[in-house]
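Basis for what follows: all heavy atoms, side chains included, without hydrogens, waters or symmetry-related copies.
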Amino acid sequence: QLACPLDLGCHSVWTSDGKSWRTSFRVFEKCPKKLTSIIRLTVPAKKATPQPPVGPALGQRGVNLMAFCKEFNARTQTYKDEVPVPVLISVFQDKSFTFVTKSPPATWLLKKAAGISKGATNPGKEKVARLTLKEVYEIALLKNPDHQTNVVGLEATVKNLIGTAKSMGIEVVASTEGLAPIAVRQVSDEEPKKKSKK
């Protein structure tokens, strides 16, 4: 076999009619593009611009910055402003690109649900907020498409989130009973149940 002179994955094949050998190019409807780099960024929803982090990462690879920004902003229109969106960008030899967006980082979702701006400075001794299993489950439903559900599964995603919450000083409890209203907040509209007096 002979390599494609354009380095696009095509090749020629040697064939024989029983008397002599000859070469002919195998024809494809479309030659596969050669992948040159994969870029991982986190960009605020609807806010992609040629400024950092997008500009430096894509500009040095010759990618059309405005084309990426326009398409990214269009895809993230359904998100609220400033939601951090992880994006995986594939850049090809001809400077074209494709990309996929992921759900927001687990740490951001947990902080948003807990109504806090940052985690604990000493997670082992300090607790800064509480979340219910119901709230963690709802976050897992957002995160689970990022995983292969037939391998990881929703249950494992919930366990991973509980571990992440613990490392941030966020306690996960089984029910909302006894929690202050400020602790049940943003992901769920459910209010905590008050203990009945006996």
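When the shell of 6.0 Å around OH of Y137 is examined, it contains 12 or fewer heavy atoms from other residues, nucleotides or ligands.
One finds the OG1 atom of T98 at 9.0 Å from the CD1 atom of I38 (value rounded to the nearest 0.5 Å). A distance of 11.0 Å separates CZ in F99 from CG in L88, rounded to the nearest 0.5 Å.
Counting heavy atoms from C-beta outward, V136 and K134 have side chains that stay 4.5 Å or more apart. The shortest side-chain heavy-atom distance between L131 and E171 does not fall under the 4.5 Å cut-off.
Remark: side-chain polar atoms of K47 are not paired, donor with acceptor, to backbone N or O of V83 under 3.5 angstrom. Distance alone, capped at 3.5 Å, is enough to place a donor-acceptor pair between the K46 side chain and the Y79 backbone. Under a 3.5 Å cut-off, the side chain of E135 and the backbone N or O of T132 do form a donor-acceptor pair. Side-chain atoms of T36 come within 3.5 Å of backbone atoms of V91 as a donor-acceptor pair (strictly under, hydrogens ignored).
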Can you list the steps and then say if S96 with K33 is a side chain to side chain donor-acceptor pair (under 3.5 Å)? CA-CA 9 Å; S96 63; K33 295 180 180 180; 3.1 Å; yes

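Listed by chain and residue number, E155 satisfy the salt bridge (charged side-chain N to carboxylate O under 4.0 Å, His left out) test with K159 (two or more places apart in sequence, or in another chain). In terms of the side chain to side chain donor-acceptor pair (under 3.5 Å) criterion, E82 has no residue partners (sequence neighbours excluded).
Judged by the 6.0 Å distance and 45° axis criteria, R61 is not positioned over the aromatic ring of F97.
Sorted by first and then second residue, the ring-ring contact (aromatic ring centres under 6.0 Å, His included) pairs involving residues 110-135 (not counting sequence neighbours) form an empty list.
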